[in-house]
Amino acid sequence: MEQQRIDLLVHHIGELITMAGEVGPRTGSRMAEVPVVKGGAVAVRDGLVVAAGPEADVRAQIAGLPVVQELDAGGRLVTPGLIDPHTHLVHGGSREHELAMKLQGATYLEILAQGGGILSTVRATRSATEDALYAKAKRSLDTLLLQGVTTCEAKSGYGLTLEDELKQLRVTKRLNEAHPVELVSTFMGAHMVPEEYKGRSADYVKLVIREMLPEVKRLGLAEFCDVFCEHGVFSPAESEEILAAAKALGFGVKIHADEIEPLGGAELAGKLGCISAEHLLAATDAGFEAMRDAGVIAVCLPATSFNLRLKQHARARRMIELGLAVALSTDYNPGSSPTESIQLVMTLGCLNLGLTPEEVLTAVTVNAAHAIGRGDRVGSLEPGKQADLVIFDAANLAYVPYHFGINHVDTVVKGGKVVVRDGRLAH
């Protein structure tokens, strides 16, 4: 081997799930194909995986090379680092006062119409300093890391002015530079029509297209652009106009689609070739087929439908039957899904979406990586990819979603460095 040393050897792994073996997201029955290596090991050099598989094979591959650090997994379960492909990480304030309204039967759109919801968080975010937003988001990012998340998407969308959107995006950039969790930045100035543009959505769409998108691109503060396509928010026509402009500037595009009403957001995702479409609770089979044909990944957010007390959930089983690649995410945000627990999402993926533990793991590793354009770097443990892995205090995969409401993470390795040990931050 060309390597002159091994920086880290993770050994004595009870069950190792590498998710290796395929290029691209996994669809259909392949989402359930999750081979387990009994008695595995992972060797790391310069932050990348050198070898992963049966311990005897790995040790044979690195024979004669000095090992700088060894990490005994204690016979536990090891998987790739988990990936959260949809969060609203940076925001001001919180909205616990809306809980009573929800318990009294108020719907998401009704709370929004009363000046609550997203607009409430917009007011809090606008009034917060950049440093305050940074400190708040860092606490959440620490929690995500402790849950086993090593890569995470972060959307703006609570500023809704050029400067306040840039403020959010700058916080994401600072966190990405300082925190072990790798952040993927998404501009979502089209999250809501701000109060000062009430009744003038066309004017706000022009602001997003003519001022916000070009400046975000010029400053290099976001890789993707997202739009909330929903009744009372942005129409399919407005969403298409914004996303088409974003594509022309070189952004990858995403869409909050058909969360509450079947407006054709999933079909639009297929038409525009979005990298992903999110929510999809009300999406039709025709929408799923349009997404499938265009290679759009379906990002399901089961904690959101759970928290909104909805009777329906995303039809993940139907998506898989139709050949879609399904990913799962927390949708961490201060209103509809105030949780950083990817492990809770894994449980809900089984109980409310009907996915198997194997499909759930695929959805929070390989498919989640592809939903944010990182499939070539993270999501599996194979030579040349980033050495991001989680040691769970569990003997097997099914135990993680089965025993819910606690954190099963013992150790997290990010880029070959131990960043969580014994369930505590090590950085």
Side-chain angles (χ1 to χ4, degrees), residues 31 82-89 91 94-112 116-118 120-121 140 143-144 146-149 152-153 155 228 230 256-262 265-266 276-283 297-320 324 326-357 359-364 367-368 371 398-408:
M31 283 190 61
L82 307 183
I83 297 163
D84 195 341
H86 178 130
T87 81
H88 301 261
L89 177 69
H91 60 264
S94 61
R95 305 209 306 259
E96 64 273 12
H97 59 282
E98 294 177 5
L99 178 59
M101 300 171 69
K102 284 194 292 186
L103 293 175
Q104 292 167 7
T107 67
Y108 181 82
L109 292 180
E110 287 169 347
I111 292 171
L112 184 63
I118 293 170
S120 173
T121 301
S140 290
T143 303
L144 284 161
L146 288 166
Q147 282 275 319
V149 172
C152 177
E153 189 246 22
K155 304 179 192 293
F228 192 2
E230 186 56 70
H256 281 51
D258 303 325
E259 178 181 3
I260 300 168
E261 297 184 14
S276 66
E278 337 279 297
H279 289 291
L280 302 167
L281 276 72
I297 295 175
V299 179
C300 297
L301 312 168
T304 305
S305 51
F306 166 77
N307 185 56
L308 292 176
R309 306 172 76 204
L310 301 180
K311 294 180 181 179
Q312 68 188 70
H313 301 282
R315 296 186 296 138
R317 287 253 58 91
R318 183 59 174 160
M319 296 176 193
I320 291 173
L324 279 168
V326 174
L328 293 177
S329 172
T330 62
D331 187 21
Y332 169 60
N333 72 73
S336 61
S337 189
T339 181
E340 298 95 335
S341 178
I342 193 73
Q343 291 174 56
L344 172 62
V345 167
M346 293 169 72
T347 295
L348 295 174
C350 291
L351 299 183
N352 287 351
L353 303 190
L355 302 181
T356 66
E359 290 168 334
V360 162
L361 185 64
T362 299
V364 295
N367 285 1
Y399 189 78
V400 177
Y402 154 77
H403 188 164
F404 67 94
I406 68 166
N407 186 357
H408 293 282

Inset, instruction - Can you see which heavy atom on L103 is nearest to which on R309, and at what distance? - result: CA-NH1, 3.5 Å

Inset, instruction - Starting at CG of L344, measure out to CG of L351 and round the result to the nearest 0.5 Å. - result: 9.5 Å

Legend entry - Value rounded to 0.5 Å, distance of CG in L144 from OG1 in T87: 7.0 Å

Inset, instruction - Could you pull out the closest heavy-atom pair between A266 and A257, with the gap in Å? - result: N-CB, 3.8 Å

Inset, instruction - Identify the two heavy atoms, one from T356 and one from R317, that lie closest to each other, and give their separation to 0.1 Å. - result: N-NH1, 4.4 Å

Legend entry - Nearest-0.5 Å distance, OG of residue S336 to CD of residue E98: 9.5 Å

Inset, instruction - Could you point out which residue of E278, E259, H313 forms a side-chain contact (heavy atoms from CB on, under 4.5 Å) with T304? - result: E259

Inset, instruction - Name the orientation class of the two ring planes belonging to H256 and H86 (parallel below 30°, tilted from 30 to 60°, perpendicular beyond 60°). - result: tilted

Legend entry - Over all atoms of both residues, closest heavy-atom pair of G335 and P338: O-CD, 3.6 Å

Inset, instruction - Ignoring hydrogens and angles, tell me if any N or O in the side chain of R315 forms a donor-acceptor pair with the backbone of A283 under 3.5 Å. - result: yes

Legend entry - Ring centre gap for Y332 and H91 strictly below 6.0 Å: yes

Inset, instruction - Decide side-chain contact (heavy atoms from CB on, under 4.5 Å) for L281 and S305; before the verdict, give the C-alpha distance in whole Å, the side-chain angles of both, and the deciding distance to 0.1 Å. - result: CA-CA 8 Å; L281 276 72; S305 51; 3.7 Å; yes

Legend entry - Side-chain heavy-atom pair E340, V149 within 4.5 angstrom cut-off: no

Legend entry - Verdict with supporting geometry, R318 and L324, side-chain contact (heavy atoms from CB on, under 4.5 Å): CA-CA 9 Å; R318 183 59 174 160; L324 279 168; over 6 Å; no

Inset, instruction - Give the minimum heavy-atom separation between I297 and A371, together with the two atoms involved. - result: CD1-N, 3.5 Å

Legend entry - Test item: H408 side-chain N/O and H403 main-chain N/O as donor-acceptor pair under 3.5 Å: yes

Inset, instruction - Nearest 0.5 Å please: distance from the CD1 atom of I118 over to the CD1 atom of I111. - result: 11.5 Å

Inset, instruction - Step by step, work out the side-chain contact (heavy atoms from CB on, under 4.5 Å) result for H279 and D331. - result: CA-CA 9 Å; H279 289 291; D331 187 21; 3.5 Å; yes

Inset, instruction - Identify which one of V299, L353, I342, L301 satisfies the side-chain contact (heavy atoms from CB on, under 4.5 Å) criterion when paired with L328. - result: L353

Legend entry - Side chain N333, main chain H88, donor-acceptor under 3.5 Å: no

Inset, instruction - Count the heavy atoms of every other residue, nucleotide or ligand shown that sit under 6.0 Å from CZ of F228, and state whether that count exceeds 12. - result: yes

Legend entry - Spatial distance of atom CG (L348) from atom OG1 (T330) [nearest 0.5 Å]: 11.5 Å

Inset, instruction - Please answer whether the main-chain N or O of T362 pairs with a side-chain N or O of N367 as donor and acceptor at a distance below 3.5 Å. - result: no

Inset, instruction - Nearest 0.5 Å please: distance from the CD atom of Q343 over to the CG atom of N407. - result: 4.5 Å

Legend entry - side-chain contact (heavy atoms from CB on, under 4.5 Å) evaluation trace for Q147 with L82: CA-CA 8 Å; Q147 282 275 319; L82 307 183; over 6 Å; no

Legend entry - Sole candidate of P302, P85, C152 that passes side-chain contact (heavy atoms from CB on, under 4.5 Å) when paired with S329: P85

Legend entry - Smallest separation among heavy atoms of C300 and A314, with atom names: SG-CB, 3.8 Å

Legend entry - Side-chain touch T121/R95, heavy atoms, less than 4.5 angstrom: yes

